[in-house]
Trainee: 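I'd like to ask some things about the structure below.
Labels below follow one simple rule: chain letters A, B, ... track the order of the sequence lines, proteins then strands, and each chain is numbered from 1. Since the structure is predicted, the reported quantities are computational estimates derived from the model, not experimental observations.
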Amino acid sequence: MPSTKAIVRMEEDPIEIDTGKVTIVPGTMTEPQCATFCLQDEDHTLGNAVRWTLMKNPEVDFASYSIPHPSEARTNIRVQTSDKTTAVDAVFKGLDDLTDICSHVIQSFQAELAKGEFEYEEETAL
Amino acid sequence: MDMYNNGGPEVSIRSLKKDSMKFVLTNTDLSVANALRRIMIAEVPTMAIDMVEIETNSTVLTDEFIAHRLGMIPLTSFDVDRIQYTRDCTCSHYCPNCSVELHLHVKVTVDYEEMNDPNVDKTRQVTSMDLISVDDSVRPVSDDKLHPILIVKMRPGQELKLKCVAKKGVAKEHAKWSPVYGVAFEYDPYNKLRHSHYWIEEDEKLEWGVSANAAEETPVDPNEPFDYNAKPEKFYIELETSGCMKPEDVVLRAMTIMQDKLGGLQIKLDDEFKEDTQRWGY
């Protein structure tokens, strides 16, 4: 019985949408306070920034990221936390914090644009 | 704003031009500034010619040579959000929802009267101006008469007829989709943090002058001990676009893309692993 969400077209196999962007590396979650997450199709762009927000969290004892192999598009993030939280919650919060930082950059950037206190040139004179 | 980042990042725009801008990002970490730089270069989607169907080509350049040159032409991508990625589209090959067609047909006729006159320039320059787009919002950037992009030069009797299909993409896949021609990224112009190791012949100060951004920082005191706790604070970012979109849009889109990535990961985490930890009794 195919899943009700999948749309079956003609006689082809139903198109599977791969949402497996995050996995926990097998065997790394020996307790809920530690885990290594594997992010598919991510690189230093996200890895380094998420590592930083994780390390900012006082409940996080250890956070690091690595790209195990240069020809595989995946990033591993290792997190170890205190007993007050879990690795999954810590990463969730880390992502949340980074989202807030991004919103703040956008707000600040738009405020600056609106203020217009900078050198401005619409069209280069030809 | 989050509790540990005293107020959050600040942006100060220094200059804004038609296709370039300068700004300073402060009160954030190097990793965030670098993420912004990396996304602007490689992950902001634009339109570029991705497929070329050549009907006639009697020019001196081969089909693949011309196809490659066409791919490099920047296309206006202000409306790129309206267009889908072909891989996400419901169509089988390509359709108006996920692509834009551009046509080119140039035939240089032979003028028998001028044929042997050495004073008449018989070379026809085929440029980006000859590309006729089906969609007015996606067309070659430099379609003004002053700066067209040369595709091929033709002589009388030659003909070039082709159809291009422009698709949405990111520069991670091919650099032709990059909205920026360059992003200058600098911090710590006096190299107080010693992140740079300059190659020198004799004298570092003489051979490596400080950049214009140094005017915003205090010069390094040679007697001061090295501060190993210091962190980069001010990031001087300058970007130049290909003209496919406004520089301020590139920055804003980059930050939005970052948020979308993070949001996607959060949904995934929430769906899959909250239960995993709950099993442990949390």
Side-chain angles (χ1 to χ4, degrees), chain A residues 9 19-24 29 31-33 35 37 39 41-53 56-58 73 85-89 91-113 115-124 126, chain B residues 1-5 7-23 25 28-39 42-43 90 144 146-147 172 248 251-252 255-256 258-259 261-274 276-282:
Chain A
R9 243 181 282 279
T19 49
K21 259 184 92 79
V22 195
T23 49
I24 290 176
M29 200 174 173
E31 51 181 313
Q33 279 75 29
F37 296 87
L39 314 183
D41 292 323
E42 294 299 345
D43 53 14
H44 300 279
T45 306
L46 218 87
N48 199 11
V50 171
R51 190 224 79 223
W52 175 66
T53 49
K56 279 279 192 183
N57 184 345
T85 184
T86 63
V88 174
D89 284 338
V91 172
F92 197 84
K93 183 170 163 37
L95 296 171
D96 231 13
D97 289 346
L98 194 52
T99 312
D100 285 348
I101 288 168
C102 291
S103 322
H104 203 276
V105 172
I106 293 172
Q107 278 168 21
S108 178
F109 195 88
Q110 279 171 334
E112 273 285 296
L113 277 177
K115 253 199 288 170
E117 290 169 356
F118 45 81
E119 202 187 308
Y120 183 74
E121 199 181 324
E122 178 56 48
E123 201 90 20
T124 325
L126 293 164
Chain B
M1 199 49 227
D2 68 312
M3 52 197 265
Y4 356 91
N5 201 42
E10 292 299 326
V11 177
S12 169
I13 299 173
R14 294 293 138 91
S15 85
L16 178 61
K17 291 177 183 165
K18 188 173 164 258
D19 48 19
S20 71
M21 83 177 299
K22 285 183 198 172
F23 66 96
L25 185 64
T28 190
D29 189 63
L30 176 58
S31 62
V32 174
N34 191 42
L36 172 61
R37 181 191 68 85
R38 287 176 64 103
I39 295 175
E43 288 177 61
T90 49
D144 58 283
L146 284 153
H147 306 287
K172 252 203 220 179
E248 63 268 37
V251 181
L252 290 170
M255 285 328 287
T256 316
M258 181 87 167
Q259 286 184 316
K261 274 162 164 296
L262 295 165
L265 290 177
Q266 279 189 319
I267 290 167
K268 195 65 200 163
L269 267 181
D270 218 19
D271 282 358
E272 302 247 315
F273 306 124
K274 278 278 154 75
D276 271 8
T277 40
Q278 273 157 10
R279 255 191 279 130
W280 297 76
Y282 281 86

Trainee: What are the two closest heavy atoms between B:Val11 and A:Ser108, and how far apart are they?
Mentor: N-OG, 2.8 Å

Trainee: Side-chain contact, heavy-atom cut-off 4.5 Å: B:Glu10 with A:His104?
Mentor: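 Touching, per the 4.5 Å side-chain cut-off.
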
Trainee: Calculate, to the nearest 0.5 Å, the distance between atoms OG and CD belonging to B:Ser12 and A:Glu112 respectively.
Mentor: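 Spacing of OG (B:Ser12) from CD (A:Glu112) equals 4.5 Å.
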
Trainee: Would you call B:Lys261 and A:Glu42 a salt bridge, using N to O less than 4.0 angstrom?
Mentor: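 Here B:Lys261 pairs with A:Glu42 in a salt bridge, since their nearest N and O are under 4.0 Å apart.
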
Trainee: Quick check on B:Thr256 against chain A: is it the side chain, the backbone, both or neither that has a heavy atom closer than 4.5 Å?
Mentor: both

Trainee: Pick from B:Arg14, B:Lys17, B:Met21: which one makes a side-chain contact (heavy atoms from CB on, under 4.5 Å) with A:Glu119?
Mentor: B:Lys17

Trainee: Tell me every residue that passes ring pair (Phe, Tyr, Trp, His ring centres under 6.0 Å) with B:Phe23, counting only those two or more places apart in sequence or in another chain.
Mentor: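 Partners of B:Phe23 by the ring pair (Phe, Tyr, Trp, His ring centres under 6.0 Å) criterion, ordered by chain and then number, come out as A:Phe109.
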
Trainee: Would you please test A:Glu117 and B:Ile13 for side-chain contact (heavy atoms from CB on, under 4.5 Å) and show each step?
Mentor: CA-CA 8 Å; A:Glu117 290 169 356; B:Ile13 299 173; over 6 Å; no

Trainee: For a side-chain contact (heavy atoms from CB on, under 4.5 Å) check, start with the C-alpha distance between A:Leu98 and B:Val32, then their side-chain angles and the critical distance, and finish with the verdict.
Mentor: CA-CA 8 Å; A:Leu98 194 52; B:Val32 174; 4.0 Å; yes

Trainee: How close do B:Met258 and A:Thr45 get, heavy atom to heavy atom, and via which atoms?
Mentor: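 Of all heavy-atom pairs spanning B:Met258 and A:Thr45, the closest is CE-O, 4.3 Å.
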
Trainee: Say you draw a straight line from CG of A:Leu46 to CG of B:Leu262; how long is it, rounded to the nearest 0.5 Å?
Mentor: 5.0 Å

Trainee: Does the side chain of B:Val251 reach to within under 4.5 Å of the side chain of A:Val105, using non-hydrogen atoms?
Mentor: no

Trainee: Given that the side chain runs from C-beta out, which part of B:Lys22 has a heavy atom under 4.5 Å from chain A: side chain, backbone, both or neither?
Mentor: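 B:Lys22 has no heavy atom closer than 4.5 Å to chain A.
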
Trainee: Are the side chains of B:Leu265 and A:Phe92 in contact, using a 4.5 Å heavy-atom criterion?
Mentor: no

Trainee: Using non-hydrogen atoms only, which part of A:Val91 is less than 4.5 Å away from chain B: side chain, backbone, both, or neither?
Mentor: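 A:Val91 touches chain B through backbone and side-chain heavy atoms alike.
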
Trainee: Nearest heavy-atom pair of B:Lys268 and A:Lys21: which atoms, and what distance?
Mentor: CE-N, 4.1 Å

Trainee: Show your working on side-chain contact (heavy atoms from CB on, under 4.5 Å) between B:Asp270 and A:Val88 and close with a plain yes or no.
Mentor: CA-CA 9 Å; B:Asp270 218 19; A:Val88 174; over 6 Å; no

Trainee: If the threshold is 4.0 Å, N to carboxylate O, is there a salt bridge linking A:Lys56 and B:Asp29?
Mentor: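 B:Asp29 and A:Lys56: not salt-bridged.
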
Trainee: Quick one: do B:Thr28 and A:Trp52 satisfy side-chain contact (heavy atoms from CB on, under 4.5 Å)? Show the steps, please.
Mentor: CA-CA 10 Å; B:Thr28 190; A:Trp52 175 66; 4.1 Å; yes

Trainee: For a quick test of reading the model, state the closest non-hydrogen atom pair linking B:Leu16 to A:Phe118 and the distance between them.
Mentor: CB-CE1, 3.4 Å

Trainee: Just verifying a value: how many Å separate B:Gln266 CD and A:Lys93 NZ, rounded to the nearest 0.5 Å?
Mentor: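 Reported value, rounded in 0.5 Å steps: 11.0 Å.
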
Trainee: Below 4.5 Å, heavy atoms only, C-beta onward: do B:Leu30 and A:Asn48 meet side chain to side chain?
Mentor: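 A side-chain contact under 4.5 Å is absent here.
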
